[in-house]
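Side-chain atoms are counted along with the backbone in the values below, which use heavy atoms only and exclude waters and symmetry mates. Chain A is the first sequence line, chain B the second, and so forth, proteins listed ahead of strands; every chain is numbered from 1.
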Amino acid sequence: MKCRLNGAEAMSNPLSIIIEVAVPLPLDSTFHYRVPASLARQAELGRRVLVPFGKRKVTAYVLGHAATSEHQLVDILDVLDEQPLFTPQELKFYRWAAAYYLHPLGEILKAALPAGINQQSGRKGAAVTPGTAPAELLTGGQRIKTETVYRLTPGATVERSPRGKAALLLDHFRTGGEYSATELRRLFADCTAPLRRLAELGLVHSRQREVYRDPFKDVIFDRDAPLPLNPEQSAALHQISDAMAAGRFQPFLLFGVTGSGKTEVYLQAIAQLLPLGKTALVLVPEIALTPQLVNRFKRRFDCGIAVLHSGLSTGERYDEWRRIRRGEVSIVIGARSAIFAPLERLGIIVVDEEHEGSYKQNEGFRYNARDLALVRGKMAHACVVLGSATPQVTTWHAAHAGQVTVLPLPHRVNGQPLPRAEIIDMRQRRGELIMPPLAAALTDNLAAGGQSLLFLNRRGFATWLTCAECGQVLRCPNCAVTLTYHQRRNRHCCHYCDYSIPAPSVCPACNGPVTHFGIGTEQVEARLRELFPAARIDRMDRDTTSGKGSHSRILQRVAERQTDILIGTQMVAKGHDFPGITLVGILSVESTLNIPDFRSAERTFQLITQLMGRAGRGSEPGKVMVQSLNPEHYALTFSCGSEIDGFYRCEVDFRREAGYPPFAFLAALYLTGTAGEAVEREARLAADKLLAVRRRAGTRLEILGPAPAPLAKLRGRFRWQILLKSRNRTELHHLLVDFRSAYLAPAGIRLQIDVDPADLM
DNA sequence: AGCACGCCGACT
DNA sequence: GTCGGCGTGCTC
């Protein structure tokens, strides 16, 4: 091997330590540095170091020691942490993720650590004011918050004992312990003056104590006790306990209908784990769902519970992270990024609502927390519980293939039967927003004093063209998305690319009569006010919830029964329970079903099933009505008939036939840039290069695309996507690795790789 | 990602 | 004659 002079030089000095580091830059390789003797003991795995990198200085993460290096070695400048930020086990996990997602390790490490730990750039120097902060355990970045606490000075005496309030305070201090001014004020009202006197007399002294920014500091939690379990819950708990007791990795699917008591199973499983000194990680799909879950956990457990999600302030997140790293926490609850929580001795990872797409990160390091949970669980010998009423098709298939243990919870804890839904054929009366059967049901429900929820999938005033005869929808020939009607131009336009056609008067496919179809929440609201002038109608969508607190205000009105009919988009489908809702209407399921994604049927099934689960009050099941232009679609018939397994069997057959997951693996390459034509040209070039690599490798890879993607999301940046599909994961992976190492993105164009993307739009 | 070097157009 | 455009190449 070509070992340069400097390599030999490095080897000739056996005393110099060489470390391997990763830098948080889009670079695949790791780098080697020499450690001066003065820093030798500190430059250990998991700590950050400051290194010269080209002409600049960067922070780097120490991955471990290296025996030798072929390169000209340079000394590190400094060690930035007093303690490692990650353990060797965690590094192993991050290394796996870097290889699997083809993402630079340094960037992954940076993404996994709390943002507050990074040195803030610029302004006033991030230097911690000297003297105020105690020696930090973890240096750099966010200020560590402190408070002043007072305690008795041992052995201090004075000639004249203080009187009055000062005497009371002194007695309090004599019981031992440290108290902050706030705590003392709570006990003795205003006591600043006597406290100052005690300090002046030398009877008490103060010091700075580190405090955590606690996102729940003002919330008081009532205790609660474990609830009795039904036989299915007990059976599920026993299977999980067995795996936990054996300390082995085992994946479970807690397959429970809405209201079947999944959370109680999580709680009792974790309760068994805590006495063993083990820890638990609970992932939830959305920030909005954390408070209610945290509430249940805090009421049940005395142990340290941390919350991690992007809704916390940088300081709060940094503090929560430090509490976890120091082992002060046994349970972590959080959104997808919580999969990187520095918990040790993990016993269980719960992924609640495992089918939710929000577990997928679609920017930068494109990981899926649900998938990483299984990997982390396996590495930690922990059990992984995937909970859902409507699991992913791939999860269901894995369960049937025996790779995941199914824990069925088919009954609701309140004994309420599963609702059935009625499908209303919309083809007969086009242009009608609310079909007669739904209007009649609304009238009845209003008369009975029940509340109704009308669900409509997003898009303010979107209108598209459908045919009354064949039910066909006008689509973009490039992107396969439905064309949106623009009244002003009287044309149908694609929102992805620039394609548009003049509005036709007959169906291009069968010459049948065409109707502008498509409803926005505002139109629905207007129509409802016509139909039910006396009803109290409210709307919940992105427009009405933009203001701070408006979200909860709308929900509050529903809870207080001040709303008779609530019209909502996506955001009402998940999360919050509406106990008073006895009628749910899905106004047009088409907007979900028509998304050109092989998962659209799965998504529709999940949406309907979730909404059905929300309907009903007490022991009364609610009524669900689904309006559709495609009433025979299997996603509708199975979900409306509550034939859960029927849907999955049908869907798995379709996936097998069409070659989609779980029978094929997917990846997407994204090329983005500010110049549209350049991006398109490059995407076509890249697709050709991929074809060439494929031919050389002899893999059976399918390339779908390139296709353009929405621009709005990307703030003026153009994005083209190349989809890759393969029956063989390894082949696909090798092809991506080969391609990426050979590909050089031209200036102004960025390449991103997404392995098994959740969105295939 | 930065930050260099490098080779071609309009300016004091 | 230089200042500056951003093309491409490297960072232990």
Side-chain angles (χ1 to χ4, degrees), chain A residues 1-37 39-40 42-80 91 95 98 101-113 115 118-122 361 363-366 669-679 681-682 685-686 689 714-715 717-719 740-753:
Chain A
M1 297 297 280
K2 50 169 185 185
C3 191
R4 288 180 221 156
L5 187 83
N6 19 48
E9 187 186 32
M11 281 192 294
S12 70
N13 183 356
L15 292 175
S16 72
I17 294 171
I18 303 172
I19 52 166
E20 186 191 10
V21 302
V23 289
L25 293 171
L27 302 170
D28 291 329
S29 48
T30 58
F31 296 85
H32 295 222
Y33 286 87
R34 207 166 42 199
V35 182
L39 297 170
Q42 301 168 55
E44 57 173 334
L45 188 150
R47 286 158 96 159
R48 288 172 303 174
V49 289
L50 188 69
V51 296
F53 194 72
K55 297 279 168 193
R56 57 211 168 113
K57 293 172 188 171
V58 296
T59 37
Y61 304 95
V62 180
L63 306 178
H65 291 274
T68 175
S69 172
E70 290 179 13
H71 279 275
Q72 163 92 48
L73 291 177
V74 169
D75 281 359
I76 64 164
L77 301 170
D78 203 359
V79 176
L80 301 173
L91 178 60
R95 280 200 143 122
Y101 290 108
L102 296 107
H103 198 84
L105 180 59
E107 291 198 331
I108 292 180
L109 289 166
K110 193 182 174 186
L113 297 167
N118 297 312
Q119 202 74 244
Q120 287 135 314
S121 58
Q361 166 114 75
E363 221 82 77
F365 170 30
R366 302 172 155 259
L669 304 183
Y670 295 109
L671 287 147
T672 53
T674 40
E677 320 85 71
V679 176
R681 213 179 320 118
E682 191 53 32
L685 224 77
K689 283 183 194 163
L714 299 157
R715 279 188 235 100
R717 287 179 72 81
F718 289 83
R719 185 175 84 167
R740 201 175 58 137
S741 61
Y743 181 78
L744 265 171
I749 292 183
R750 207 168 83 232
L751 169 78
Q752 275 195 303
I753 297 180

Distances for protein N/O vs nucleotides 7-12 of chain C N/O pairs under 3.5 angstrom?
unit_1	atom_1	unit_2	atom_2	d
C:dT11	O3'	A:Gly54	N	3.0
C:dC12	OP1	A:Tyr33	OH	3.1
C:dC12	OP1	A:Pro52	O	3.1
C:dC12	O3'	A:His32	O	2.8
C:dC12	O3'	A:Val74	N	3.0
C:dC12	O2	A:His32	N	2.7
C:dC12	N3	A:His71	NE2	3.3
C:dC12	N4	A:His71	NE2	3.0

* Around atom NZ of A:Lys689, are there more than 12 heavy atoms of other residues, nucleotides or ligands at under 6.0 Å? -> yes
* To do: Look at A:Glu363 together with A:Arg750 and state whether they make a salt bridge at an N to O cut-off of under 4.0 Å.
  => no
* Among all residues two or more places apart in sequence or in another chain, which pass the salt bridge (Lys or Arg N to Asp or Glu O under 4.0 Å) test with A:Arg681? -> none
* Asked: Is the charged tip of A:Arg719 near the ring of A:Tyr670: under 6.0 Å from the six-membered ring centre and within 45° of its axis?
  -> yes
* Nearest 0.5 Å please: distance from the CZ atom of A:Arg95 over to the CD1 atom of A:Ile108. => 11.5 Å
* Asked: Which one of A:Val21, A:Ile17, A:Val49 satisfies the side-chain contact (heavy atoms from CB on, under 4.5 Å) criterion with A:Ile76?
  -> A:Val49
Table of protein N/O atoms under 3.5 Å from nucleotides 4-8 of chain B N/O atoms:
none

* Report the C-alpha distance between A:Gln42 and A:Arg47 in whole Å, list the side-chain angles of each, state the deciding distance to 0.1 Å, and finish with yes or no for side-chain contact (heavy atoms from CB on, under 4.5 Å). => CA-CA 8 Å; A:Gln42 301 168 55; A:Arg47 286 158 96 159; 3.7 Å; yes
